[in-house]
Amino acid sequence: MSETVQDKVDFLVIANRLPVDRKIDDDGNVSWKSSPGGLVTALEPVMQRKGGAWIGWHGAPDEVVEPFHHDGYDIHPVPLSAQEVEEYYEGFSNATLWPLYHDCIVEPVFHREWWDAFQKVNKRFAEQAARQASEGATVWVQDYQLNLVPKYLRQMRPDLRIGFFLHIPFPPIELYSRLPWREELVEGLLGADLVGFQTPGAAANFQRLAKRRPGVTAARGRAHTPDGRTVVIRDFPISIDSRGFHELATSEKVKAEAIKLREDLGNPGTIIFGVDRLDYTKGLRQRIRAVGELFKEGKLDPHEVVFLQLATPSRERVEEYKILRDDINLLVGQINSKVGTIANRALVYRNESVPREVLAAMYQVADLMLVTPVRDGMNLVAKEYIACRSNDDSALVLSEFAGAARELKQAYMVNPYDIDGMKATIMKALTDSPKLKARKMRAMRRQVFDKTIDVWADSFLTELEGH
Ligand code: GDG
């Protein structure tokens, strides 16, 4: 396979971010390392097989980076100015679409300048793809930041096969209709041949909207457009590299890390664990309140039980995320001042990102995993926990509002808005018989090892290429 950047390729992925991070060593040499993540793991072999290219932003504003070849495929960095990062990414993507698509948990902000930037940047991504795609190539567009790319790309290159996958939920029509640019965004997705969602409910919401467009008919997962095309609308629940996670979690390095972690936590009898990006969709306020109350009421003994919550910093320049960070700090402080012991804290809160090995060790030591989003497209953390566990005496508490709830049916389900219900379910999950817990874990493990990330990628691409 060629080591230089190819002129045209048959397979392209377009995502807001590139799958690589820049590393600069002490002598100033620059290299690019694959950023570990489910999507990259799933798509790397596909691109190597097809000779593909990945189009995305490299992460530094106001900088043009030349295309380069990386690990068997081409990388085409798309430049963004600092103002575009603010308006297209932090603004329209993360303060308009993100809250709107997550059921308006916080008020979406609508700014016309952000919309202008969103269109401009989406056009730039589409132009880059149009230049790089060979005749009849397959292009796979990822996520809400690039909602308009399918339509732009179709206009530029009608010969292409275009797929789009939305990683987050798609809201009901009543909420979606607030968006001043609702027609344009639906048209944007209808430029694709295949539009994939995490759940059938999200696909149905989109189909209902598509049907409202003039000249469009839509039923049973197919929309027919006025220009004579058929757009397939379907769910493709995303997953993880289950075997990869399992191997990592059972490696000697991670086992040693787990022993150290348990010691650092004071060797408690029970460890309850949560890990999320610090995002208001993840139900952190409700979860911390519920566990805090259980400590205060004496149902959980702080000498015996530790609740470890890792919250990875995220979108720190967006207003709602600053508010959330302050709220959580306050809540954690209040709880620990009431129930922490001199020897240890009941609630160990870490607002940082940790290496994968450390995260795997945390999954390893967690007797109970709390995944309680108020809305989530899928939630990979729930699946990672299951994949990392070899010990059956563990339990997963899962929000019914995570896409993962459709697949991990044996989890202890909660409505995160119902604090009392969540407290009761946490106690049940801690005290149920080992036999029952083992049965649940085994059923979920089968699910997670059957439906892996490569099954997801293959089923999407098979559907797209058969279009
Ligand atoms: C979006 C959708 C959908 C977290 N902290 C650390 C760390 N992580 C990793 C986890 C997991 C990933 O980040 C988070 O994935 P989620 O699925 O839980 O959530 P989002 O980031 O909101 O993802 C979601 C997903 O897209 C895929 O389609 O499931 O619904 O919102 O992989 O392990 N990884 C490391 N250190 C950390 O501190 N190494």
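Every number for a ligand or one of its atoms is a count from 1 in the order of the listing. Quick caveat: nothing in here was measured; it's all calculated off a predicted structure.
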K.L.:
Please step through ring pair (Phe, Tyr, Trp, His ring centres under 6.0 Å) for the pair W140 and W456, ending with a clear verdict.
P.N.:
CA-CA 13 Å; W140 192 356; W456 170 80; 5.0 Å; yes

K.L.:
For T312 and R277, test the side chains for any donor-to-acceptor distance below 3.5 angstrom and give the result as yes or no.
P.N.:
no

K.L.:
Locate the shortest heavy-atom distance separating I271 from V365; write the atom from each residue and the value.
P.N.:
CB-O, 3.6 Å

K.L.:
Within the structure, does L380 bring an N/O atom to less than 3.5 angstrom of an N/O atom in ligand 1?
P.N.:
yes

K.L.:
When you measure from atom 21 (O) of ligand 1 to every protein heavy atom, which one gives the shortest distance, and what is it?
P.N.:
R277 NE, 2.9 Å

K.L.:
Closer than 4.0 Å to some heavy atom of R356 - which atoms of ligand 1 meet that?
P.N.:
39 (N)

K.L.:
Please find the pair of heavy atoms, one from V397 and one from A429, that lie closest to each other, and give the distance.
P.N.:
CG2-CB, 4.0 Å

K.L.:
Should you measure from each heavy atom of I238, which atoms of ligand 1 turn up under 4.0 Å away?
P.N.:
27 (C), 28 (O)

K.L.:
At less than 4.0 angstrom from any non-hydrogen atom of V381, what atoms of ligand 1 do you find?
P.N.:
18 (O)

K.L.:
Within a distance under 4.0 Å of any heavy atom of Q198, pick out the atoms of ligand 1 and give their elements.
P.N.:
3 (C), 28 (O)

K.L.:
Identify the closest protein heavy atom to atom 5 (N) of ligand 1: which residue and atom is it, and at what distance?
P.N.:
T312 OG1, 2.7 Å

K.L.:
Below 3.5 Å, N or O to N or O, backbone or side chain included: is there any such pair between G377 and ligand 1?
P.N.:
yes

K.L.:
State whether the number of non-hydrogen atoms from other residues, nucleotides or ligands found under 6.0 Å of K120 atom NZ is greater than 12.
P.N.:
no

K.L.:
Do me a favour and list the nearest non-hydrogen protein atom to atom 19 (O) of ligand 1 with residue, atom name and distance?
P.N.:
K282 NZ, 3.1 Å

K.L.:
Any nitrogen or oxygen of W98, side chain or backbone, less than 3.5 Å from one on ligand 1?
P.N.:
no

K.L.:
Closest non-hydrogen protein atom to atom 11 (C) of ligand 1, residue and atom name please, with distance?
P.N.:
E384 OE2, 3.3 Å

K.L.:
Cation-pi check, K123 to F118: give yes when NZ or CZ is under 6.0 Å from the six-membered ring centre and within 45° of the ring axis, no otherwise.
P.N.:
no

K.L.:
Among protein heavy atoms, which lies nearest atom 26 (O) of ligand 1, and at what distance?
P.N.:
H167 CB, 3.8 Å

K.L.:
Establish whether atom 28 (O) of ligand 1 and some protein heavy atom are separated by less than 4.0 angstrom.
P.N.:
yes

K.L.:
Mind listing the closest non-hydrogen atom pair of F92 and L179 along with its distance?
P.N.:
CZ-CD1, 4.5 Å

K.L.:
May I ask you to check if R234 and F236 form a cation-pi contact, with NZ or CZ under 6.0 angstrom from the six-membered ring centre and within 45° of the axis?
P.N.:
yes

K.L.:
Nearest heavy-atom pair of G292 and I335: which atoms, and what distance?
P.N.:
CA-CD1, 3.7 Å

K.L.:
Side chain or backbone of V358 under 4.0 Å from ligand 1, or both, or neither, by non-hydrogen atoms?
P.N.:
neither

K.L.:
Under the 4.0 Å line, does any protein heavy atom show up next to atom 13 (O) of ligand 1?
P.N.:
no

K.L.:
For P355 and ligand 1, does the shortest N/O to N/O distance drop below 3.5 Å?
P.N.:
no

K.L.:
Kindly give the heavy-atom pair with the smallest separation between H246 and R389, and that separation in Å.
P.N.:
CE1-O, 4.3 Å

K.L.:
Give me the nearest non-hydrogen protein atom to atom 8 (N) of ligand 1 as residue plus atom name, then the distance to 0.1 Å.
P.N.:
L359 CD2, 4.2 Å

K.L.:
Which protein heavy atom lies closest to atom 30 (O) of ligand 1, and at what distance to 0.1 Å?
P.N.:
D376 OD1, 2.5 Å

K.L.:
Just jot down the ligand 1 atoms closer than 4.0 angstrom to any heavy atom of S353, in number order.
P.N.:
38 (O)

K.L.:
For Q145 and Y89, which I'm curious about, is there any donor-acceptor pair between the side chains at under 3.5 Å?
P.N.:
no

K.L.:
Flag atom 1 (C) of ligand 1 as yes if some protein heavy-atom distance to it falls below 4.0 Å, otherwise no.
P.N.:
no

K.L.:
Cation-pi between R208 and Y176: NZ/CZ under 6.0 Å from ring centre and within 45° of the ring axis?
P.N.:
no

K.L.:
Between D418 and Q286, does any side-chain donor sit less than 3.5 Å from a side-chain acceptor?
P.N.:
no

K.L.:
Provide, to 0.1 Å, the distance between atom 36 (N) of ligand 1 and the closest protein heavy atom, together with that atom's residue and name.
P.N.:
V354 O, 2.6 Å

